[in-house]
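Attaching a single structure in C-alpha cells format; questions to follow.
Sequential numbering from 1 along the given sequence is applied to the chain's residues.
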Amino acid sequence: MAPTSFYWWGKETHRGTPVVVKMENPNNWSMVEIESPTEDDFLHKGRGRNKNAKQLTWVLLLKAHRAAGCLTSIASATLSIATAVRRRLSSGRTDTDIDNERPMRTSTRFYSCIKVFLWVSVVLLGFEVAAYYKGWHFEAPDLHLQYLYTLTNPFAFTGLFNSIYSKWVSIRVEYLAPPLQFLANTCIYLFLIQSLDRLVLCLGCFWIRFKKIKPVAKQILPDVESGDDDGSFPMVLVQIPMCNEKEVYQQSIGAVCNLEWPKSRILIQVLDDSDDPTTQMLIKEEVDKWREDGVNIIYRHRVNREGYKAGNLKSAMNCSYVKDYEFVVIFDADFQPTPDFLTKTVPHFKDNEELGLVQARWSFVNKDENLLTRLQHVNLAFHFEVEQQVNGTFLNFFGFNGTAGVWRIKALEDSGGWLERTTVEDMDIAVRAHLHGWKMIFLNDVECQCELPESYEAYRKQQHRWHSGPMQLFRLCLPDIIKSKIGIWKKFNLIFLFFLLRKLILPFYSFTLFCIILPMTMFIPEATLPAWVVCYIPATMSFLNILPSPKSFPFLVPYLLFENTMSVTKFNAMISGLFQLGSAYEWVVTKKSGRSSSGDLAAEAEESPPEVLQEERKAMKKKKKKKHNRMYKKELMLAFLLLTASCRSLLSAQGIHFYFLLFQGLSFLLVGLDLIGEQVE
C-alpha cells in the first residue's frame with residue numbers, strides 16, 4: 001500500500017485535537033499530533049467529539065489489523081513446526097542410526113543413565129500427585145522440626161498410602177537430601193567462580209576499549225604493486241588444509257591467491273586429504289588454473305590420512321623447501337582472507353623476536369542464516385572480543401584458533417612442531433609454544449571471513465571435538481606445565497583458568513546443576529536451589545556474553561536456554577576426553593554449505609569449466625548423499641525429564657523454578673527434534 005495520510009481539521013476553526021495518521025503498511029503506522037488543544041477546543045467540546053471518534057476508529061482498526069497479522073504469523077509458524085515434528089516422527093531417524101558412523105558405547109551409557117532418570121521422575125511425579133490429593137502439601141521446600149517429629153511417629157498416619165509416603169519423606173530428609181544439597185552447593189560455588197572469571201574478562205575488555213589498547217606494528221611495508229624493495233617482504237608460506245570440502249575449495253584458494261604480497265616471496269600449499277577422487281580432481285584443476293595465471297601455488301595429496309589435520313600440516317612442513325621461509329600462514333578451507341591480510345599481520349613480527357603467533361579474528365558470512373547460526377555468533381563474538389583479546393593483551397597467551405593465524409616457523413620448530421596426539425592440534429601447539437616462552441598477540445581489528453555450521457548435526461560434532469580435545473591435552477601436558485620454567489602465575493593460569501575452569505568446570509556444572517540437580521530438587525524438595533542461582537545469575541552472565549554482539553539482544557533468552565541445552569554434548573565430550581574414551585578421538589570434518597562463495601566467485605561463474613569437469617561435477621551431484629533431519633535421543637529424554645520436573649514444581653508453588661524448567665524443557669524438545677538449525681524438506 002502506498003503511504004497514505006488522513007487529516008482531520010476544519011477550514012476556519014479547529015475541533016478536538018488535530019492529528020495525522022501515517023500508514024506505510026499495516027504493520028507500520030504512526031499518529032502525530034499537529035498542535036495541542038486550545039481553549040476554543042474545550043468550548044466546542046460537544047461539536048468536536050465526532051471527529052475525534054473517527055480518529056480513534058482508524059487507530060483501533062489499524063491495531064486490529066496488526067494483531068490479526070501477528071495471529072496469522074503465529075498460526076503459520078505453529079503449523080510449520082507441527083508439520084516438521086510429524087515428518088521427524090514418521091521418518092524415525094535418530095542420532096544412533098547407522099549412517100556411515102557407529103554409535104559409541106559412551107553415548108549409549110550416557111543415554112541409558114538419562115533414560116533411567118526420566119522413568120524414575122515419571123514414577124515419582126505420579127506418586128507426588130497422588131500424595132498431593134491425599135493432603136500432603138509442601139508449600140515451602142524446607143520441613144519444620146515439628147513436622148519431622150510427626151513423620152517419625154508411627155501412629156501419626158492412618159492408611160497404607162500415608163504410611164508409605166511418610167516413610168518416603170523420611171528417607172528423603174535423612175538420606176537423599178543431604179548429599180544432593182552438598183552436590184548442589186558445590187556446583188553453586190563453581191558457578192560463582194566461573195561467573196567471577198567471566199566478569200573479570202569483561203572488565204578487562206572494557207579497560208582495553210577505554211584505554212584504546214591495541215597492538216601496533218613497528219614496520220610499514222612498501223606498496224606491493226610498485227615492485228620496489230621486495231627484500232623488505234619476508235618469505236611467507238601459506239597452507240590450506242582441506243578434506244572432501246568440495247563446497248568451499250574454490251573460495252579459499254581464490255582468496256589466498258589474491259593476497260597482496262610479492263609473488264617471489266610467497267608460496268601457497270594446497271594440502272588435500274580428500275579420499276574422493278572427484279573432489280581431488282576438482283581441487284587439482286583449481287590449483288592448475290591459478291598456477292597458469294602466475295601464482296606460486298602447489299598441490300599436495302596424502303594417500304594415508306594419518307593424524308588428520310595435524311598429520312597433514314606436519315607432512316607439509318617436512319618439505320625441503322620450507323627452510324627458505326620465515327613465516328607460515330594457515331587458512332581452513334572455508335576461510336576467505338582479505339587481500340591485505342598479510343600486510344596487516346606480518347609486520348607485527350618486525351623487531352619482536354619473542355613473538356611466535358599473530359591471530360586474526362573470524363567474521364561470519366552466514367551468521368543471520370537461521371537461529372542456530374545467530375546463537376553461535378553470540379558465543380564466538382564473546383570468544384574473540386573478550387577472551388582472546390584480553391588474554392592476548394594482558395598475558396600474551398591464548399589458544400590458537402587453528403586458522404587465520406601467522407606463525408613464526410622457528411617458534412613451531414622450537415615447540416616440537418605439529419603433533420597428532422589430540423584432536424585439538426591448534427591448542428596443543430599454542431600451549432607448548434607458551435611453555436617455551438613464545439608470545440602471542442591477537443588482532444581484533446583484522447577479520448577473516450568464514451562459515452558457521454548451519455545444521456545442528458554439524459554443530460554438535462564440531463562442539464564434541466572442541467570439548468573432548470582440551471581434556472585429552474590436559475592429561476598429556478599437565479606434567480610438562482608443572483616441570484616448565486614459566487612463572488607460578490602462568491602455571492596457575494594454564495592449569496586452573498585455561499583448562500580446569502573454562503574447559504572442565506564450565507560444562508560440568510552447566511549440565512549437572514541445571515539438567516540434573518534442579519529437576520531432582522523438585523522431587524526431593526528438602527534440597528533447595530535459590531532463585532538467584534536459577535534465574536538472576538544466569539541471566540546476568542548471558543547479558544555479559546551478548547554485549548560484544550549488541551544486535552543479538554533479542555536472542556538473550558534463547559541464547560541462555562540453548563547454552564544449557566548444549567551442555568549435554570559438551571559434558572559428554574568432556575568426560576570422553578578426560579577418561580580417553582572411544583569418541584574422544586573421533587574427527588569429523590565440519591560440513592560446509594559454501595554460501596560464502598556466491599558473491600566472491602561471481603566472476604568465475606561466468607567462465608565455463610571444461611566439458612570433462614562439468615561431467616564430473618554432475619556425477620558428483622548424483623552421488624551426493626541426501627540430507628536428513630534427525631531426532632536426538634539424549635536431548636529428547638532430558639526434555640521430558642525437565643517437563644516432568646516442571647509439573648512437580650507446580651505442586652510446591654515454585655514459580656521461577658517452574659518457568660525455567662518449562663522453557664528449558666521446551667528448548668531441549670526443539671533441539672531434540674532438530675528444529676533449530678537447517679531444515680531439510
Self-check item: Contact list for residues 319-328, test side chain to side chain donor-acceptor pair (under 3.5 Å), sequence neighbours left out
Solution: Q269-Y321

Quiz item: Do NZ/NE/NH1/NH2 and the carboxylate oxygens of R300 and D272 come within less than 4.0 Å?
Solution: no

Practice problem: Look at the rings of Y456 and F562 and say which category their plane angle falls in: under 30° parallel, 30 to 60° tilted, over 60° perpendicular. | Solution: perpendicular

Quiz item: Thinking salt bridges, do E292 and K289 make one under a 4.0 Å N-O criterion?
Solution: no

Exercise. Please check if the side chain of N296 supplies one atom and the backbone of I266 the other of a donor-acceptor pair under 3.5 Å.
Key: yes

Quiz prompt | Nearest heavy atoms of C205 and Q389, plus distance in Å | solution = SG-NE2, 4.1 Å

Self-check item: Any donor-acceptor N/O pair, H464 side chain to K570 backbone, under 3.5 Å
Solution: no

Quiz prompt | Between T565 and S667: side-chain donor-acceptor atoms closer than 3.5 Å | solution = yes

Quiz item: Nearest 0.5 Å, what's the CD1-CG distance between I330 and N401?
Solution: 11.5 Å

Quiz item: Taking the side chain from Q359 and the backbone from A404, do they hold a donor-acceptor pair closer than 3.5 Å?
Solution: yes

Exercise. List the atom of G392, the atom of F398, and the distance in Å for their closest heavy-atom pair.
Key: CA-CD2, 3.6 Å

Quiz item: Any side-chain heavy-atom pair from W466 and M427 closer than 4.5 angstrom?
Solution: no

Quiz item: Counting only heavy atoms not in F394, do more than 12 fall under 6.0 Å of its CZ?
Solution: yes

Self-check item: From N352 atom CG to I441 atom CD1, the distance as rounded to the nearest 0.5 Å
Solution: 7.0 Å

Quiz item: For residues D275 and N244, is any side-chain donor paired with an opposing acceptor at under 3.5 Å?
Solution: yes

Practice problem: Name all residues meeting the side chain to side chain donor-acceptor pair (under 3.5 Å) criterion together with N379; count only those two or more places apart in sequence or in a different chain, and write none if there are none. | Solution: Y559, E563

Quiz item: Given the rule in the side-chain contact (heavy atoms from CB on, under 4.5 Å) test, do D426 and T403 qualify, once you have shown the distances and angles that lead to the verdict?
Solution: CA-CA 8 Å; D426 45 10; T403 178; over 6 Å; no

Quiz item: Is the W362 ring parallel, tilted or perpendicular to the F384 ring (thresholds 30°, 60°)?
Solution: tilted

Practice problem: Kindly write out the residues that satisfy side chain to side chain donor-acceptor pair (under 3.5 Å) with W438, not counting sequence neighbours, or none if the list is empty. | Solution: D414

Quiz item: Between CD of E451 and CD of E245, what distance do you get to the nearest 0.5 Å?
Solution: 10.0 Å

Practice problem: Salt-bridge test for D351 and K218: reply yes if a basic N is under 4.0 Å from a carboxylate O, no otherwise. | Solution: no

Quiz prompt | Backbone of L372 reached by a side-chain donor or acceptor of N370 within 3.5 Å | solution = yes

Quiz item: Partners of D445 by side chain to side chain donor-acceptor pair (under 3.5 Å), sequence neighbours excluded?
Solution: K214

Quiz item: Of the non-hydrogen atoms in T423 and G469, which two are nearest, and what is the gap between them?
Solution: OG1-CA, 3.5 Å

Quiz item: Between the main-chain N or O of E306 and the side-chain N or O of R302, is there a donor-acceptor pair closer than 3.5 Å?
Solution: yes

Quiz item: What heavy-atom pair brings A433 and S415 nearest, and what distance separates the two atoms?
Solution: CA-OG, 3.2 Å

Quiz item: Taking atom CZ of F382 and atom CG of L547, what is their separation to the nearest 0.5 Å?
Solution: 8.5 Å

Quiz item: From M574 CE over to Q472 CD, what is the distance, rounded to the nearest 0.5 angstrom?
Solution: 13.5 Å

Quiz item: Do S315 side-chain atoms and N312 backbone N/O form a donor-acceptor pair below 3.5 Å?
Solution: no

Self-check item: E420 to G307 - nearest heavy-atom pair and separation
Solution: CG-CA, 3.5 Å

Quiz item: Going by heavy atoms in the side chains, are I486 and L435 under 4.5 Å from each other?
Solution: yes

Quiz item: Hey, are Y632 and E457 close enough side-chain-wise for a donor-acceptor pair under 3.5 Å?
Solution: yes

Quiz item: Yes or no on side-chain contact (heavy atoms from CB on, under 4.5 Å) for H434 and N396, after CA distance, side-chain angles and deciding distance?
Solution: CA-CA 9 Å; H434 182 56; N396 293 122; over 6 Å; no

Quiz item: Between T422 and V424, is there a donor-acceptor pair closer than 3.5 Å when you use the side chain of the first and the backbone of the second?
Solution: yes

Quiz item: If you measure from the Lys or Arg side-chain nitrogens to the Asp or Glu carboxylate oxygens, is any gap between D332 and K309 under 4.0 Å?
Solution: yes

Exercise. Start with the C-alpha gap between E425 and L419, add the side-chain angles, then the distance that decides, and say whether side-chain contact (heavy atoms from CB on, under 4.5 Å) holds.
Key: CA-CA 6 Å; E425 73 294 326; L419 299 180; over 6 Å; no

Quiz item: What distance do L342 atom CG and T345 atom OG1 have between them, rounded to the nearest 0.5 Å?
Solution: 5.0 Å

Quiz prompt | Mutual orientation of the aromatic rings belonging to W418 and F400 [parallel < 30°, tilted 30-60°, perpendicular > 60°] | solution = tilted

Quiz item: Does T393 use its side chain to pair, donor to acceptor, with the backbone of V390 at less than 3.5 Å?
Solution: no

Exercise. Would you check if there is a donor-acceptor pair between the side chains of R198 and N545 at a distance under 3.5 Å?
Key: yes

Donor-acceptor contacts under 3.5 Å from residues 492-507 side chains, at least two apart:
residue, atom, partner, partner atom, Å
R502, NE, D197, OD2, 3.1
R502, NH2, D197, OD1, 2.9
K503, NZ, F498, O, 3.4

Practice problem: Report yes if the side chains of Q239 and V329 come closer than 4.5 Å at any heavy-atom pair, otherwise no. | Solution: no

Quiz item: Are any of the side-chain heavy atoms of L556 and S542 separated by less than 4.5 Å?
Solution: yes

Quiz item: Is the backbone of Q463 close enough, under 3.5 Å, to the side chain of H467 for a donor and an acceptor to pair up by distance?
Solution: yes

Quiz item: Quick one: which of Q376, Q449, E454 gives a side chain to side chain donor-acceptor pair (under 3.5 Å) with N366?
Solution: E454

Quiz item: Given L560 and V557, is the side-chain contact (heavy atoms from CB on, under 4.5 Å) satisfied, shown in steps?
Solution: CA-CA 5 Å; L560 169 61; V557 174; 5.7 Å; no

Quiz item: Just by distance, do the side chain of S552 and the backbone of F555 share a donor-acceptor pair under 3.5 Å?
Solution: no

Quiz item: Is there a side-chain contact between F327 and V358, using heavy atoms and a 4.5 Å cut-off?
Solution: no

Quiz item: Do Y299 and I283 have side-chain heavy atoms sitting under 4.5 Å apart?
Solution: yes

Exercise. Salt-bridge test for K284 and D288: reply yes if a basic N is under 4.0 Å from a carboxylate O, no otherwise.
Key: yes

Practice problem: Taking the six-membered ring for Trp and the single ring otherwise, decide whether the centroids of F341 and F331 are under 6.0 Å apart. | Solution: yes

Exercise. May I ask you to decide whether R361 forms a salt bridge with E385, counting only side-chain N to carboxylate O separations under 4.0 Å?
Key: yes

Quiz item: How far apart are the closest heavy atoms of D276 and T279, and which atoms are they?
Solution: OD2-OG1, 2.7 Å

Quiz item: Do L357 and V406 come close enough that some side-chain heavy atom pair is under 4.5 Å?
Solution: no

Practice problem: Flag the pair T373 / F364 as yes when at least one side-chain heavy-atom distance between them is below 4.5 Å, and no otherwise. | Solution: no

Self-check item: Listed partners of E387 passing side chain to side chain donor-acceptor pair (under 3.5 Å), at least two apart
Solution: H383

